[in-house]
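To keep things clear, I will list the structure first and then write my remarks on it.
Computed from a prediction, not measured in an experiment: that's the story for all the values here.
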Amino acid sequence: VQLQASGGGLVQAGGYLRLSCAASGRTFNNYGMGWIRQAPGKEREFVAAISWSGSIVYYGDSVKGRFTISRDNAKNTVYLQMNSLKPEDTAVYYCAAATTVAGVRTRVEYWGQGTLVTVSS
């Protein structure tokens with residue numbers, strides 16, 4: 001699976017962005033998909049994951065209520081809608097795929113190249 005993330009950029013605190021991750025290669029529908037982020041000087045942090053059917057979603061505690069993950073299997077694309085952005089959301093956001101939705105948190109099999117999100121105060 002090849003993953004291509006896009007949609008990052010510079011936004012003011014309180015603003016919003018939508019990230020997209022386009023997948024190609026193996027059957028997209030078979031994989032749990034999600035987003036992992038890494039801020040400068042910090043460890044990677046789980047953001048969100050969604051099952052192949054979209055019926056199961058998980059969020060990291062720091063983004064619950066502000067971010068929404070979704071997927072369109074017809075377009076082989078997963079999205080991350082980020083609202084009420086805070087400066088602490090500044091990070092490189094990586095798209096990730098795993099054979100299970102839980103695996104996005106602990107056992108990523110495929111990584112995208114990352115897209116930078118910068119939130120100014």
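- Atom-to-atom distance recorded for Leu19:CG and Gln81:CD is 9.0 Å, nearest 0.5 angstrom.
- Going from atom OG of Ser51 over to atom CE of Met33 covers 12.0 Å, rounded to the nearest 0.5 Å.
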Open item on the list: side-chain contact (heavy atoms from CB on, under 4.5 Å), that's the test. Do Asp89 and Arg66 meet it? Break it down for me.
Closed with: CA-CA 11 Å; Asp89 293 318; Arg66 300 187 298 121; 2.7 Å; yes
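- Residue Ile56 is not grouped with residue Val63 when hydrophobic side chains (ILVMFWY) are merged at heavy-atom distances under 4.5 angstrom, including chains of intermediate members.
- The disulfide (SG to SG under 2.5 Å) contacts involving residues 82-121 comprise Cys21-Cys95, where partners must be two or more places apart or lie in separate chains.
- When each of Thr90, Leu17, Leu80 is paired with Val117, the side chain to side chain contact (heavy atoms under 4.5 Å, CB included) condition holds for Leu17 and for no other.
- With a 4.5 Å cut-off on side-chain heavy atoms, Arg44 and Val108 do not count as touching.
- The aromatic rings of Tyr93 and Phe67 sit tilted relative to each other, their planes meeting at an angle between 30° and 60°.
- For the pair Phe46 and Gly60, the tightest heavy-atom approach, listed with the atom from each and the gap, is CE2-N, 3.7 Å.
- At a threshold of 4.5 Å between non-hydrogen side-chain atoms, the residues Tyr59 and Thr68 count as touching.
- Under the 4.5 Å side-chain contact rule for hydrophobic residues, Leu85 and Tyr79 do not share a cluster.
- A distance-only check finds no donor-acceptor pair linking the side chain of Gln113 to the backbone of Gln4 [under 3.5 Å].
- Between atom CZ of residue Arg37 and atom OG1 of residue Thr115 there is a gap of 14.0 Å, rounded to the nearest 0.5 Å.
- Two different hydrophobic clusters hold Tyr58 and Met82 under the rule that ILVMFWY side chains link at heavy-atom gaps under 4.5 Å.
- Shown here for Glu45 and Ser62, the closest heavy-atom pair between the two residues is OE2-OG, 2.8 Å.
- Considering all non-hydrogen atoms of both residues, Arg71 and Tyr31 come closest at NH1-O, 2.8 Å.
- Pairs of residues two or more places apart, or lying in two chains, that qualify as side chain to side chain donor-acceptor pair (under 3.5 Å) and include a residue from residues 98-108 are Thr99-Glu109.
- Residues Leu3 and Ala23 come closest through the heavy atom pair CD2-CB, 3.7 Å.
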TODO: Would you please test Lys64 and Asp61 for salt bridge (Lys or Arg N to Asp or Glu O under 4.0 Å) and show each step?
DONE: CA-CA 5 Å; Lys64 282 180 182 176; Asp61 288 342; 3.2 Å; yes
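- Across Ile36 and Ala96, no two heavy atoms sit closer than the pair CG1-CB, 4.3 Å.
- Across all non-hydrogen atoms, the minimal contact from Ala98 to Val104 is CB-N, 3.6 Å.
- Between Tyr16 and Val11 there is no side-chain heavy-atom pair separated by less than 4.5 Å.
- Counting only distance, with no hydrogens or angles, the side chain of Ser55 and the backbone of Ser53 share no donor-acceptor pair below 3.5 Å.
- Hydrophobic cluster membership differs between Val57 and Trp52, with clusters built from Ile, Leu, Val, Met, Phe, Trp and Tyr side chains linked at under 4.5 angstrom.
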